[in-house]
Protein chains: 2
Amino acid sequence: MNKKQVSNEHHHFPWDHPRFRSWIAVARACQLMQQTLTRRLAHLDIKPPHLDILINLYRFDGITQQELARKLLVGRSNMSMLLPQLEKRGLIERRGDARDKRILRLSLTAAGRVLTEEAMEIQTALIDDSHGGAPIEDCMKIAESMERMIAVLLKEDRELS
Amino acid sequence: MNKKQVSNEHHHFPWDHPRFRSWIAVARACQLMQQTLTRRLAHLDIKPPHLDILINLYRFDGITQQELARKLLVGRSNMSMLLPQLEKRGLIERRGDARDKRILRLSLTAAGRVLTEEAMEIQTALIDDSHGGAPIEDCMKIAESMERMIAVLLKEDRELS
DNA sequence: TGCTTTTTGTTCATCCTTGTACAATCATGT
DNA sequence: ACATGATTGTACAAGGATGAACAAAAAGCA
């Protein structure tokens, strides 16, 4: 009659575990969010990965490619593929560092800043839309859970390197 | 001194909005989860997309490629690329339907079922690990929030078609 | 100083994902 | 029955992400 008995029955399928079901929902929501954001950004001719980059350049002017890749949880080679595109479009600038000639410091151009602000408004509008007026406290709770998970998973990452 | 005054100041940057910060955390957690799962599944020679397919075949035997693609929120062409691989490896079977010759009905082979069970254990273990003993009620609350978002975003999807 | 190791960014091959165009089959309406 | 439109799966080209191999530059150390 207690919890242990109930959970020791035959139905040990993953989708019967609350945590599993919950995580599947999170993953699907992320997926849908990406797809919807892709559609809403289409007229600006950028995609979510580009926006991630632009937002970080907006916040952290002069960041390096390495730091940027680490923040976005992607490989350095990914930045090497995407950043030249944004540079050619005149949205960002890459300047070599005087002290360390390996480093390229990134910053937004005026045009890049304008486009980033426009895109960020689209993203925040989408986030507000999709949350459908859910209470802020729920968001805070979710953020805490997610940040705990991120910490755990990042620790596993470090240990492998 | 009240909340309204505080939030009406100059700092209308997205990352000052609780919902925005919360969603970024969700997205990053998903990303990390995928990467970690990829590593933990490597020795089975499958990746998260394959596991998604296998789990759905495990649950819904005889599903069609179309239905599978819809459940996974991916395009039909994606299934056309991945399923032949799994079929060649002897993990799944594709049989034509008698009544509707367009349809291919999918099912797991014995080997596929074994591998799926093994992979599902890895995934549930990872989910449990990463949640670090967080209370089940929190997971349920998160699941509810995410499912509400999914409903909203899916509705926008339908309206576009 | 000179040698080794580490860090930073690029290049390349590979795979995943998408969208479009297409062929086959079915459903619908006349 | 027959023409039209919808649905299902495939083929192909294009773009994004990854990891490994690589060159240049810096840091550590004898």
Side-chain angles (χ1 to χ4, degrees), chain A residues 27-28 30-39 41-42 45-54 62-89 92-106 157 160-161, chain B residues 27-28 30-39 41-42 45-54 62-89 92-106 157 160-161:
Chain A
R28 292 286 173 266
C30 271
Q31 220 177 332
L32 264 175
M33 196 68 132
Q34 289 272 328
Q35 292 172 0
T36 309
L37 183 60
T38 300
R39 280 200 306 270
L41 288 176
D45 201 31
I46 61 176
K47 296 188 178 174
H50 303 122
L51 181 53
D52 272 347
I53 292 173
L54 293 173
I63 197 177
T64 70
Q65 295 191 188
Q66 172 82 300
E67 291 166 342
L68 184 56
R70 198 176 42 76
K71 278 181 187 295
L72 299 181
L73 303 173
V74 298
R76 291 195 309 275
S77 52
N78 195 357
M79 295 298 98
S80 278
M81 307 284 278
L82 296 183
L83 290 175
Q85 301 177 5
L86 297 175
E87 193 180 24
K88 284 190 185 67
R89 288 179 55 184
I92 70 171
E93 267 183 356
R94 299 200 290 176
R95 280 189 316 281
D97 188 288
R99 273 186 286 280
D100 190 337
K101 290 178 193 161
R102 296 171 299 182
I103 289 176
L104 289 180
R105 299 215 165 267
L106 309 170
D157 256 16
L160 286 189
S161 68
Chain B
R28 292 286 174 268
C30 272
Q31 220 178 332
L32 264 175
M33 196 68 133
Q34 288 272 328
Q35 292 171 359
T36 311
L37 183 60
T38 300
R39 281 201 306 271
L41 289 176
D45 200 32
I46 60 176
K47 297 188 177 173
H50 303 124
L51 180 54
D52 272 346
I53 293 173
L54 293 174
I63 197 176
T64 69
Q65 295 191 187
Q66 172 83 300
E67 292 166 342
L68 184 57
R70 197 176 45 76
K71 277 182 188 296
L72 300 181
L73 303 173
V74 298
R76 291 195 308 277
S77 52
N78 196 357
M79 295 298 97
S80 278
M81 306 286 279
L82 296 183
L83 291 173
Q85 301 175 6
L86 297 175
E87 193 180 24
K88 282 190 186 66
R89 288 178 55 184
I92 70 171
E93 268 182 356
R94 298 201 290 175
R95 280 189 315 282
D97 188 288
R99 271 184 287 281
D100 190 338
K101 290 178 193 162
R102 296 171 299 182
I103 290 176
L104 288 180
R105 300 216 164 268
L106 309 169
D157 256 17
L160 286 188
S161 68

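Residue numbering restarts at 1 for every chain, and letters A, B, ... go by the order of the sequence lines. Since this is a predicted model, take the numbers as computed values, not measurements.
- When heavy atoms are screened at a 4.0 angstrom cut-off, A:Q85 is found touching the sugar-phosphate backbone but no base atom.
- Residue contacts shown for B:Q35 are limited to sugar-phosphate atoms, with no base heavy atom under 4.0 Å away.
- Qualifying side chain to side chain donor-acceptor pair (under 3.5 Å) partners for B:Q66, counting only residues two or more places apart in sequence or in other chains: none.
- Among residue pairs with one or both ends in residues 73-86 of chain B, none qualify as salt bridge (Lys or Arg N to Asp or Glu O under 4.0 Å); sequence neighbours excluded.
- Taking atom CD1 of residue A:I103 and atom P of nucleotide C:dT10, one finds them 12 Å apart after rounding to whole Å.
- The backbone N or O of A:L73 sits less than 3.5 Å from a side-chain atom of B:Q35, completing a donor-acceptor pair.
- Both A:M81 and B:M81 sit near DNA chain C, but only A:M81 has its closest nucleotide nearer the 5' end.
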Would you tabulate the nitrogen or oxygen pairs shorter than 3.5 Å linking the protein to nucleotides 4-6 of chain C?
none

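- Every residue meeting the side-chain contact (heavy atoms from CB on, under 4.5 Å) condition with B:T36, not counting sequence neighbours, appears here in chain and number order: A:L153, A:E156, B:R39, B:R40, B:L126.
- Applying the side-chain contact (heavy atoms from CB on, under 4.5 Å) rule to B:K71 yields the partners B:N56, B:F60, B:I63; only residues at least two apart in sequence or on another chain are considered.
- Scanning residues 66-74 of chain A for heavy-atom distances under 4.0 Å to DNA chain C yields A:Q66.
- Residues satisfying the salt bridge (charged side-chain N to carboxylate O under 4.0 Å, His left out) criterion with B:E87, sequence neighbours excluded, are B:R94.
- Put simply, CG on B:D97 is 14 Å from P on C:dT25, counting in whole angstrom units.
- Contacts of B:R99 with the nucleic acid, taken as non-hydrogen atoms under 4.0 Å apart, involve only primed sugar atoms and P, OP1 or OP2.
- By the side chain to side chain donor-acceptor pair (under 3.5 Å) test, A:Q34 is found to be paired with no residue, residues two or more places apart in sequence or in another chain being considered.
- Not counting sequence neighbours, the partners of A:R105 by the side-chain contact (heavy atoms from CB on, under 4.5 Å) test are A:T64, A:D97, A:I103.
- Rounded to whole Å, the distance from CG on A:L82 to C1' on C:dG9 is 14 Å.
- For DNA chain D, the span of nucleotides reached by chain A at under 4.0 Å from its heavy atoms goes, 5' to 3', from D:dG16 to D:dA26.
- The distance between atom CD of A:Q31 and atom C1' of C:dC16, rounded to the nearest whole Å, is 13 Å.
- B:N78 comes within 4.0 angstrom of a base, heavy atoms only.
- Of the two residues near DNA chain D, B:T64 and A:D100, the one whose nearest nucleotide lies more 5' is B:T64.
- For B:R70, the salt bridge (charged side-chain N to carboxylate O under 4.0 Å, His left out) test picks out no residue, with sequence neighbours left out.
- By the salt bridge (charged side-chain N to carboxylate O under 4.0 Å, His left out) test, A:R102 pairs with A:D100, sequence neighbours left out.
- Rounded to an integer number of Å, the gap from A:M79 CE to C:dG9 P is 11 Å.
- In terms of modelled atom types and a separation under 3.5 Å, the side chain of B:Q31 and the main chain of A:L72 share a donor-acceptor contact.
- Each of B:R76 and B:A98 was matched to the nucleotide of DNA chain C holding its nearest heavy atom; the match closer to the 5' end belongs to B:R76.
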